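Worksheet: the structure to be examined is printed underneath.
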Amino acid sequence: MDSIKMKKILTEKLEQSGRNIRYNREKDQLRIENADTKKGIEVSLPSVVGKWNEKKDEAIAETVYYINEALAVMGKETIVEEAEKQIFPVIRSTSFPGESSEGVPFVFDEHTAETRIYYAVDLGNTYRMIDEQLLEKQSWTRDQVKEIAMFNVRSLDTEMKRDEVAGNVFYFLNSNDGYDASRILNESFLKDMSSKMEGEMTIAVPHQDVLIIGDMRNETGYDVLAQMAMSFFAAGHVPITALSFLYEEGELEPVFILGKNKSKNKGDSKE
């Protein structure tokens, strides 16, 4: 599979009346947009090919679903019926845009040197990022949005799968509800997990739909964690960071792994 073949497959599956599909040869991207509103989404073909190498046709199906859901909500008025139940935090990388494609600033807070906290209105199969325009329309304040979001993230399921590699224990949360990485903001959950650790506790949020907690009991665990985080980062629809974090007393510190050595860049706290 290469970009040209993937371009043909995605074009055939996404082509429909009322849509424009354009290929950017320089960036090797497809842009799929609503013909009327001109709002759309760009898809990196090499990224989809990389996922196809791992998941085959499932990767294509997931990509098509993600694009269709994103386009369905673009340009439509967001109806918020129960704000206290619909607002959630979403974790993004610091390279994620600070404003919408229309130039309206998003509502977000700094988190670590690698991540930011954005806020979204849950719409069922998808969600809309909260920007200043929506904030004003709903007569919300930033503090209200943050308070509701942090309350709601604590209500999300935290059931994890356990695996052991080279004497180290890894826990995976992958519910695919769009907020797996957001569980990193559930302080009571992190403290509970911390109490189970025999070694050092690490946390990774390589992409939106996974959270990995590691119980690092020997140096090999850090190499396993680095490879694992990079693999998930490359496979995610919404990648966040391939770096992992040490968690200690409510603080998150990036872990930089070089071979068998680990180093900590102190000073990047959770809040």
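Note that these values count all heavy atoms, side chains included, but never hydrogens, waters or copies made by symmetry. Small disclaimer: the values here were computed from a predicted structure and weren't measured.
- Remark: S244 OG to L225 CG distance equals 3.5 Å, nearest 0.5 Å.
- Taking NZ of K191 as the start and CD of E249 as the end, the distance is 10.0 Å to the nearest 0.5 Å.
- In this structure, the side chain of R162 does not engage the main chain of F172 through any donor-acceptor pair within 3.5 Å.
- A side-chain donor-acceptor contact under 3.5 Å links N168 to the backbone of R217.
- Tracing side-chain contacts under 4.5 Å through hydrophobic residues (I, L, V, M, F, W, Y), one reaches V43 starting from V238; they form part of the same cluster.
- Judged by distance alone, the side chain of D180 and the main-chain N or O of L211 form no donor-acceptor pair under 3.5 Å.
- Partners of T11 under the side-chain contact (heavy atoms from CB on, under 4.5 Å) rule, at least two apart in sequence or in another chain, are K7, E15, I21, L30.
- Between F96 and F108, the distance separating the two ring centers is not shorter than 6.0 angstrom.
- Remark: the S194 side chain and the D192 side chain contain no N/O donor-acceptor pair separated by less than 3.5 Å.
- D28 and Y23 form a side-chain donor-acceptor contact under 3.5 Å, judged by distance and modelled atom types alone.
- Note that the CE atom of M197 and the OH atom of Y247 stand 10.5 Å from one another [nearest 0.5 Å].
- Not a single donor-acceptor pair under 3.5 Å links the side chain of N34 to the backbone N or O of R19.
- Checking side-chain atoms of Q86 against main-chain N and O of D122 turns up a donor-acceptor pair under 3.5 Å.
- Taking every heavy atom of both residues into account, L134 and R128 meet most closely at CB-NH2, 3.8 Å.
- By the 4.5 Å heavy-atom criterion applied to side chains, V107 and D131 are not counted as neighbours.
- Between the side chains of R92 and Q208, at least one donor N or O lies within less than 3.5 Å of an accepting N or O.
- Atom CD of E99 sits in a crowded spot, with more than 12 heavy atoms from other residues, nucleotides or ligands closer than 6.0 Å.
- Not counting sequence neighbours, S195 has no partner by the side chain to side chain donor-acceptor pair (under 3.5 Å) test.
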side-chain contact (heavy atoms from CB on, under 4.5 Å) evaluation trace for T241 with S93: CA-CA 6 Å; T241 176; S93 71; 5.7 Å; no

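- Considering CG of L14 and CD1 of I9, their distance stands at 11.5 Å, rounded to 0.5 Å.
- When only modelled atom types and interatomic distance are considered, Y118 and R116 share a side-chain donor-acceptor pair under 3.5 Å.
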query: Can you check side-chain contact (heavy atoms from CB on, under 4.5 Å) on R183 and T158, steps first, answer last?
result: CA-CA 8 Å; R183 268 79 160 184; T158 54; 4.2 Å; yes

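- The backbone N or O of T141 sits less than 3.5 Å from a side-chain atom of Q144, completing a donor-acceptor pair.
- I213 has its side chain within reach of M160: a pair of non-hydrogen atoms, C-beta onward, lies under 4.5 Å apart.
- Across all non-hydrogen atoms, the minimal contact from V90 to Y119 is CG2-N, 4.3 Å.
- Between R22 and E33 there is a salt bridge, since a side-chain N of the basic residue sits under 4.0 Å from a carboxylate O of the acidic one.
- No path of Ile, Leu, Val, Met, Phe, Trp and Tyr side chains, each step under 4.5 Å between heavy atoms, connects F189 with F151, placing them in separate hydrophobic clusters.
- Going from atom NZ of K146 over to atom CG of L185 covers 9.5 Å, rounded to the nearest 0.5 Å.
- Between H111 and I184, some side-chain heavy-atom pair lies under the 4.5 Å cut-off.
- Separating the NZ atom in K13 from the OG1 atom in T63 is a distance of 11.0 Å, to the nearest 0.5 Å.
- Between V224 and F170 the shortest side-chain heavy-atom distance falls below 4.5 Å.
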query: Could you walk me through whether M150 and I117 pass the side-chain contact (heavy atoms from CB on, under 4.5 Å) check?
result: CA-CA 11 Å; M150 293 309 171; I117 307 167; 4.1 Å; yes

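- By the criterion of side-chain heavy atoms lying less than 4.5 angstrom apart, applied directly or through intervening Ile, Leu, Val, Met, Phe, Trp or Tyr residues, V49 is grouped together with I60 in one hydrophobic cluster.
- Listed for the N53 side chain is no donor-acceptor partner under 3.5 Å among the backbone atoms of K56.
- Between the side chains of Y171 and E159, no donor-acceptor pair is found at a separation under 3.5 Å.
- Cluster annotation: V145 and I91 are assigned to the same hydrophobic cluster (Ile/Leu/Val/Met/Phe/Trp/Tyr, side-chain heavy-atom contacts under 4.5 Å, transitive).
- Of the N and O atoms on the side chains of S175 and D177, at least one donor lies less than 3.5 Å from an acceptor on the other residue.
- Residues W140 and I87 form a side-chain contact, since some pair of their non-hydrogen atoms from C-beta on lies under 4.5 Å apart.
- In terms of modelled atom types and a separation under 3.5 Å, the side chain of S155 and the main chain of N152 share a donor-acceptor contact.
- For the pair S47 and K51, the minimum side-chain heavy-atom distance is below 4.5 Å.
- Heavy atoms of other residues, nucleotides or ligands lying less than 6.0 angstrom from CD of E136 number 12 at most.
- Across T94 and T112, no two heavy atoms sit closer than the pair CG2-O, 4.1 Å.
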query: Should V205 and V210 be marked as a side-chain contact (heavy atoms from CB on, under 4.5 Å) after you check the CA-CA gap, both sets of side-chain angles, and the distance that decides it?
result: CA-CA 6 Å; V205 284; V210 68; over 6 Å; no

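- Taking S17 as the reference, nothing meets the side chain to side chain donor-acceptor pair (under 3.5 Å) condition, with sequence neighbours excluded.
- The shortest heavy-atom contact between A242 and A229 is O-CB, 3.4 Å.
- Taking every heavy atom of both residues into account, R142 and L135 meet most closely at CG-CD2, 4.0 Å.
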message: Using salt bridge (charged side-chain N to carboxylate O under 4.0 Å, His left out), reason through E187 and R154 one step at a time and then give a plain yes or no.
response: CA-CA 8 Å; E187 189 59 37; R154 292 195 294 272; over 6 Å; no

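- No hydrogens or angles considered: nothing links the side chains of Y179 and D209 as a donor-acceptor pair under 3.5 Å.
- Within a 6.0 Å radius of CD in E147, no more than 12 heavy atoms belonging to other residues, nucleotides or ligands are found.
- Closest approach of L190 to M201, counting heavy atoms only: O-CE, 3.6 Å.
- Residues F232 and I212 meet the side-chain proximity criterion, which asks for heavy atoms closer than 4.5 Å.
- By the criterion of side-chain heavy atoms lying less than 4.5 angstrom apart, applied directly or through intervening Ile, Leu, Val, Met, Phe, Trp or Tyr residues, Y222 is grouped together with V165 in one hydrophobic cluster.
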